[in-house]
Amino acid sequence: MASIKLKFKVFKKITDGLRDVDIASKIGVSTVQLWRVRLPDDDPRHNDPGPDFVAGVLAAFPDMKFEDLFFLHEPLRYRNSG
């Protein structure tokens, strides 16, 4: 199944100079949720961005499109199972 992933470099660029508490407040999520999305995928504490996170980021940065900030990741094992 595909999952939504954050484009970290782009997100870092548009949030440069903001503290985590300010970013979280701006997008309407907790600082913990922000922290978990930023963790590497192989960290057991990592969470992929959920609908509230995605909607909050897009609302907070209206000049950005979904595809500017996020991408869909489909694990190899699922690609040819159709």
Side-chain angles (χ1 to χ4, degrees):
M1 175 176 3
S3 57
I4 296 173
K5 301 292 183 182
L6 178 66
K7 292 183 179 179
F8 293 104
K9 289 181 181 179
V10 176
F11 188 73
K12 184 175 179 173
K13 184 176 179 179
I14 66 171
T15 59
D16 187 45
L18 297 174
R19 299 175 308 153
D20 283 357
V21 68
D22 298 326
I23 297 167
S25 177
K26 185 175 176 100
I27 64 176
V29 299
S30 71
T31 54
V32 173
Q33 188 175 3
L34 176 63
W35 174 75
R36 287 180 175 270
V37 167
R38 288 177 166 166
L39 289 171
D41 282 350
D42 61 350
D43 189 308
R45 300 166 298 174
H46 168 82
N47 284 342
D48 289 329
D52 292 339
F53 187 96
V54 173
V57 169
L58 294 175
F61 301 98
D63 293 339
M64 305 297 283
K65 297 181 213 163
F66 176 88
E67 57 271 13
D68 295 333
L69 291 161
F70 303 96
F71 66 98
L72 294 178
H73 173 73
E74 187 174 0
L76 289 174
R77 66 177 176 248
Y78 294 111
R79 288 189 181 160
N80 293 323
S81 63

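Remember, predicted model here, so these are calculated numbers, not experimental data. The basis for the numbers below is simple: all heavy atoms, side chains too, and nothing from hydrogens, waters or symmetry mates.
- Both Ile14 and Ile4 belong to a single network of hydrophobic side chains, linked directly or stepwise wherever heavy atoms of I, L, V, M, F, W or Y lie under 4.5 Å apart.
- Heavy atoms only, all atoms of each residue included: Ala24 and Leu34 are closest at N-CD2, 4.1 Å.
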Checklist line | Lys5 vs Asp41, side chain to side chain contact (heavy atoms under 4.5 Å, CB included): CA-CA, chis, key distance, verdict | finding: CA-CA 9 Å; Lys5 301 292 183 182; Asp41 282 350; 3.2 Å; yes
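- If you chain together hydrophobic residues whose side chains sit under 4.5 Å apart, Met64 and Phe71 never meet in one group.
- Counting all heavy atoms, side chain and backbone alike, Leu6 lies closest to Pro49 at N-CG, 4.1 Å.
- Within a 6.0 Å sphere centred on NZ of Lys12, other residues, nucleotides and ligands contribute 12 heavy atoms or fewer.
- Transitive grouping of hydrophobic side chains (ILVMFWY, heavy atoms separated by less than 4.5 Å) brings Phe53 and Leu18 into a common cluster.
- The CG atom of Asp63 sits 11.5 Å away from atom CG of Leu58, with the distance rounded to the nearest 0.5 Å.
- Here the closest non-hydrogen pair linking Thr31 and Val21 is CG2-CA, 3.7 Å.
- Judged by distance alone, with hydrogens and angles left aside, the side-chain atoms of Arg36 form a donor-acceptor pair with the main-chain N or O of Arg45 at under 3.5 Å.
- Remark: Lys26 qualifies as a cation-pi partner of Phe61 under the 6.0 Å distance and 45° angle criteria applied to the six-membered ring.
- Taking every heavy atom of both residues into account, Leu39 and His46 meet most closely at O-ND1, 2.8 Å.
- Under a hydrophobic clustering in which Ile, Leu, Val, Met, Phe, Trp and Tyr are joined whenever their side-chain heavy atoms come within less than 4.5 Å, directly or via other members, Phe8 and Leu69 fall into the same cluster.
- Not counting sequence neighbours, Asp68 has no partner by the salt bridge (Lys or Arg N to Asp or Glu O under 4.0 Å) test.
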Margin query: Set out, in order, the CA-CA distance, both residues' side-chain angles and the distance that settles side chain to side chain contact (heavy atoms under 4.5 Å, CB included) for Asp20 and Arg38, then state yes or no.
Written below: CA-CA 11 Å; Asp20 283 357; Arg38 288 177 166 166; 2.7 Å; yes
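- Listed by chain and residue number, nothing satisfies the salt bridge (Lys or Arg N to Asp or Glu O under 4.0 Å) test with Asp42 (two or more places apart in sequence, or in another chain).
- A continuous path of ILVMFWY side-chain contacts below 4.5 Å connects Phe66 to Val10, so both sit in one hydrophobic cluster.
- In terms of the salt bridge (Lys or Arg N to Asp or Glu O under 4.0 Å) criterion, residue partners of Asp22 (sequence neighbours excluded) are, by chain and number, Arg19.
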